[in-house]
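A short write-up of the structure that comes next.
Everything numeric here is computed off the predicted structure, so don't read it as measured data.
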Amino acid sequence: MCGILAVFGCADNSQAKRTRIIELSRRLRHRGPDWSGLHCFEDCYLAHQRLAIIDPTSGDQPLYNEDKTVVVTVNGEIYNHKELKEKLKGHQFRTGSDCEVIAHLYEEYGEEFVDMLDGMFSFVLLDTRTKTFIAARDAIGITPLYMGWGLDGSIWFASEMKALSDDCERFISFPPGHIYSSKQGELRRWYNPPWYTEIVPSGQYEPLVLRKAFEKAVTKRLMTDVPFGVLLSGGLDSSLVAAVASRHLADSDAYRQWGSQLHTFCVGLKGSPDLVAASEVADYLGTRHHEFHFTVQEGIDALEEVIYHIETFDVTTIRASTPMFLMSRKIKSLGVKMVLSGEGSDEIFGGYLYFHKAPNKKEFHEETCRKLKALHLYDCLRANKSTSAWGVEARVPFLDKEFINIAMSIDPDLKMVRRDLGRKEKWVLRNAFDDENEPYLPKHILYRQKEQFSDGVGYSWIDGLKEHAEKQVTDAMLTNASFVYPENPPTTKEAYLYRTIFEKFFPKNAARTTVPGGPSVACSTAKAVEWDAAWSKNMDPSGRAALGVHVAAYDEKLNAKTANAPIDSPQEIQVTIEKATAVV
């Protein structure tokens with residue numbers, strides 16, 4: 001991941017303004033510690049903080065066309081850049097950067113080229129010939145981008161809110177799958193897949209087609225000129241990423257540079273479910289596994305830094321971001337700059353445990369669509385900003401455009417949990433990789449119950465956070481929360497604590513509006529809470545709030561008050577895993 005900052009139409013284009021842009025760009029240096037670049041043209045500025053993954057020696061940004069009349073600053077990776085270069089035979093490329101194709105595609109096709117890009121990206125492009133510019137964000141919002149407006153009439157774009165919040169009167173999270181054109185003066189959606197309409201599909205389920213699409217999504221993300229690995233929690237999604245990467249590593253360019261043994265990484269409290277499962281998967285695949293431990297207190301101590309980096313006060317995002325943030329620091333210390341991760345599968349296949357209660361396939365499918373559309377505010381934000389805080393790039397093969405189109409075209413009736421047919425959550429994905437002749441994973445891992453990352457690192461992590469918040473936030477503070485924070489008010493002491501930290505770093509009203517709100521159970525949208533009346537009494541984003549579904553669900557009578565629960569013993573964890581992996 002890199003950090004980009006672009007400003008257009010500044011009333012002041014003096015040396016002082018240039019210095020200010022450089023200062024603000026430095027707030028993104030954690031994202032790109034390898035190089036800093038700045039291009040100035042009249043009252044336009046394009047700045048870049050580079051994390052060098054492809055062509056580390058010559059791919060510094062901003063990037064240009066042949067005569068430098070088109071300037072682009074990019075955060076992301078373009079996986080089909082070689083194929084695109086074949087379509088640009090008459091163009092001369094200055095670098096080996098995968099992102100340089102953007103400048104030349106614009107020359108060739110104008111503003112209508114964005115859908116040709118296969119990758120994760122946010123970019124801003126300036127055409128100095130017409131003094132016009134465009135900005136665009138990838139289909140799902142894997143890479144972050146914010147857009148803001150200054151009182152002087154300037155328009156701003158930045159990878160993180162902290163680079164523009166002080167200088168903009170208003171700012172928003174740039175919507176995924178959209179492009180902004182200064183010619184038209186408005187945002188428009190360039191990504192228009194069939195699933196976006198939320199019309200229930202009736203496509204056939206072809207396990208081998210789904211499997212091959214995912215294998216292609218993983219292998220294209222092995223494009224790297226630096227050391228890399230896989231984040232392995234031991235759950236279905238990350239285990240499949242590791243299994244496919246391990247199986248195809250020898251056929252990739254990365255193999256010739258970095259060898260045949262895949263590195264995998266896991267984090268958790270000692271004895272946590274994820275550590276047990278990840279170790280088993282790593283042994284099965286023969287990876288070089290790195291297991292990192294943290295304590296509840298270490299996580300609590302990191303909360304302020306985590307919230308500063310991830311720029312949200314959403315409870316479940318902070319719970320999951322903290323261990324990922326701590327792990328990323330360890331990963332970077334090993335010299336690794338890129339990791340593959342398993343985000344996106346639960347949204348596509350209805351993997352969260354609350355999907356067990358979906359009343360019919362129409363509501364099931366509509367909920368997966370809602371989850372995908374909002375992913376940039378939750379898991380994409382977490383995965384990107386938690387890792388980039390330490391200069392590590394996370395790639396997410398489940399969010400490959402082609403794979404999403406195939407998976408979202410399947411009749412959702414086949415995705416629904418059917419105990420009578422032996423189908424549990426994400427059955428279509430599990431079944432696609434259930435190969436008796438050449439198994440990808442051990443059977444009980446392939447059928448392990450969904451465990452949200454913030455739960456899997458150790459149940460006492462969330463319980464410890466609640467206990468900490470109980471000590472920091474008084475009953476009176478929570479009672480008056482709606483007066484202190486009238487917009488999206490916190491409803492729990494944990495949420496109140498996170499809100500106070502967030503407001504310290506980002507006090508403007510515009511910052512608050514970038515964070516989603518509303519009731520949720522086990523990561524559901526507000527609409528899905530209506531599926532079970534009991535959930536309204538047990539509102540918590542933890543997977544254990546899915547009463548009657550999760551094998552370690554909260555006791556409804558205790559109303560989730562388990563703050564003093566001890567860390568599970570290895571024996572208890574093994575029992576939990578055995579229960580969870582039994583085919584329903």
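Qualifying side-chain contact (heavy atoms from CB on, under 4.5 Å) partners for Glu363, counting only residues two or more places apart in sequence or in other chains: Pro359, Asn360, Trp531. Residues passing the salt bridge (Lys or Arg N to Asp or Glu O under 4.0 Å) test with Arg188, sequence neighbours excluded: Glu111, Glu112. With sequence neighbours excluded, the residues satisfying ring pair (Phe, Tyr, Trp, His ring centres under 6.0 Å) with Phe214 are Phe398, Phe403, Phe433. For Thr132, the side-chain contact (heavy atoms from CB on, under 4.5 Å) test picks out Tyr106, Asp127, Thr130, Ser182, Lys183, with sequence neighbours left out. Applying the side-chain contact (heavy atoms from CB on, under 4.5 Å) test to Glu186 and every residue at least two apart in sequence or in another chain returns Gln184. Here Glu206 pairs with nothing under the salt bridge (Lys or Arg N to Asp or Glu O under 4.0 Å) rule; sequence neighbours left out. Residues satisfying the ring pair (Phe, Tyr, Trp, His ring centres under 6.0 Å) criterion with Phe313, sequence neighbours excluded, are Phe502. Not counting sequence neighbours, His376 has no partner by the ring pair (Phe, Tyr, Trp, His ring centres under 6.0 Å) test. Considering only residues two or more places apart in sequence or on other chains, Ser97 meets the side-chain contact (heavy atoms from CB on, under 4.5 Å) condition with Leu63, Thr95, Cys99. Evaluation of the salt bridge (Lys or Arg N to Asp or Glu O under 4.0 Å) rule for Lys82 yields Asp253 as partners, not counting sequence neighbours. Listed by chain and residue number, Lys362 satisfy the salt bridge (Lys or Arg N to Asp or Glu O under 4.0 Å) test with Glu366 (two or more places apart in sequence, or in another chain). Residues passing the ring pair (Phe, Tyr, Trp, His ring centres under 6.0 Å) test with Phe265, sequence neighbours excluded: His290.
When only modelled atom types and interatomic distance are considered, Asn384 and Arg31 share a side-chain donor-acceptor pair under 3.5 Å. Using modelled atom types, one finds no donor on one side chain facing an acceptor on the other under 3.5 Å when comparing Ser122 with Asn75. Side-chain atoms of His365 and Glu198 include no donor-acceptor pair closer than 3.5 Å. Defined by atom type and a distance below 3.5 Å, a donor-acceptor pair is present between the side-chain atoms of Glu343 and Ser341.
Taking the side chain as every heavy atom from C-beta outward, Pro519 and Lys527 never approach each other to under 4.5 Å. Leu446 is listed as a side-chain neighbour of Asp434, based on a closest heavy-atom distance under 4.5 Å. Using a 4.5 Å heavy-atom cutoff, the side chains of Leu340 and Leu222 are in contact. Val114 is listed as a side-chain neighbour of Phe123, based on a closest heavy-atom distance under 4.5 Å. Contact check for His356 versus Arg419: side-chain heavy atoms found under the 4.5 Å cut-off. In this structure, Arg395 and Met223 have side chains that are in contact, with non-hydrogen atoms separated by less than 4.5 Å. Side chains of Lys385 and Pro144 form a contact here, defined as non-hydrogen atoms less than 4.5 Å apart. A heavy-atom distance below 4.5 Å is found between the side chains of Val124 and Ile4.
Between Leu414 and Ile410, the shortest heavy-atom contact is CD1-CG2, 4.2 Å. Smallest separation of non-hydrogen atoms from Val515 and Asp314: CG1-N, 4.0 Å. The minimum heavy-atom distance linking Gly342 with Asp237 is given by the pair O-CB, 3.6 Å. Of all the heavy atoms in Asp98 and Gly76, the pair that sits closest is OD2-O, 4.1 Å.
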(Q) Run the side-chain hydrogen bond (donor to acceptor under 3.5 Å, both in side chains) test on His81 and Glu100 for me, step by step, so that the C-alpha distance in whole Å, both residues' side-chain angles and the decisive distance to 0.1 Å come before the verdict. (A) CA-CA 8 Å; His81 69 106; Glu100 190 181 347; over 6 Å; no
(Q) Apply side-chain hydrogen bond (donor to acceptor under 3.5 Å, both in side chains) to residues Glu160 and His309 and explain how you reach the verdict. (A) CA-CA 9 Å; Glu160 293 184 5; His309 278 288; 5.0 Å; no
Q. Could you go step by step and tell me if Ser321 and Arg382 meet the side-chain hydrogen bond (donor to acceptor under 3.5 Å, both in side chains) rule?
A. CA-CA 6 Å; Ser321 293; Arg382 166 183 55 78; 5.1 Å; no
Q: Step by step, work out the salt bridge (charged side-chain N to carboxylate O under 4.0 Å, His left out) result for Lys443 and Glu436.
A: CA-CA 10 Å; Lys443 204 82 157 182; Glu436 296 289 347; 2.8 Å; yes
Q: Any chance you could lay out the side-chain contact (heavy atoms from CB on, under 4.5 Å) test for Met327 and Ser386, step after step, and finish with the verdict?
A: CA-CA 9 Å; Met327 174 172 57; Ser386 297; over 6 Å; no
Q | Derivation and outcome, ring pair (Phe, Tyr, Trp, His ring centres under 6.0 Å), residues Tyr205 and Trp427 | A | CA-CA 11 Å; Tyr205 167 50; Trp427 174 81; 5.6 Å; yes
Q.
Could you go through His263 and Val230, starting from their C-alpha distance and side-chain angles, then the distance that decides it, and tell me whether this counts as side-chain contact (heavy atoms from CB on, under 4.5 Å)?
A. CA-CA 6 Å; His263 288 255; Val230 174; over 6 Å; no
Q | Check against side-chain contact (heavy atoms from CB on, under 4.5 Å), Thr387 and Glu393 | A | CA-CA 6 Å; Thr387 54; Glu393 176 176 282; over 6 Å; no
**Q.** Trace of the side-chain contact (heavy atoms from CB on, under 4.5 Å) decision for Cys369 with Leu372
**A.** CA-CA 5 Å; Cys369 293; Leu372 265 178; 5.8 Å; no
Q.
For Tyr498 and Glu494: C-alpha separation, side-chain torsions, deciding distance, then whether side-chain hydrogen bond (donor to acceptor under 3.5 Å, both in side chains) applies.
A. CA-CA 6 Å; Tyr498 301 156; Glu494 185 185 3; 2.7 Å; yes
Q | Derivation and outcome, salt bridge (charged side-chain N to carboxylate O under 4.0 Å, His left out), residues Asp435 and Arg211 | A | CA-CA 11 Å; Asp435 190 325; Arg211 183 200 295 182; 3.2 Å; yes
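Classification of Asp115 and Lys401 as a salt-bridged pair holds, one side-chain N sitting under 4.0 Å from a carboxylate O. The pair Arg430-Glu425 meets the salt-bridge criterion, since a charged nitrogen lies less than 4.0 angstrom from a carboxylate oxygen. By the 4.0 Å N-to-carboxylate-O rule, Glu367 lies close enough to Arg370 to be salt-bridged with it. Looking at Asp274 and Arg448, a side-chain N of the basic residue comes within less than 4.0 Å of a carboxylate O on the acidic one, giving a salt bridge.
The distance between the ring centers of Phe364 and Phe355 falls below 6.0 angstrom.
Exactly one of Lys216, Arg221, Met120 qualifies for a side-chain contact (heavy atoms from CB on, under 4.5 Å) with Asp400. That residue is Arg221.
Judged by the 6.0 Å distance and 45° axis criteria, Arg247 is positioned over the aromatic ring of Tyr440. A cation-pi contact, defined as under 6.0 Å to the ring centre and within 45° of the axis, is absent between Lys424 and Tyr447.
From Thr219, atom OG1 reaches atom CG of Asp251 across 9.0 Å, with rounding to the nearest 0.5 Å.
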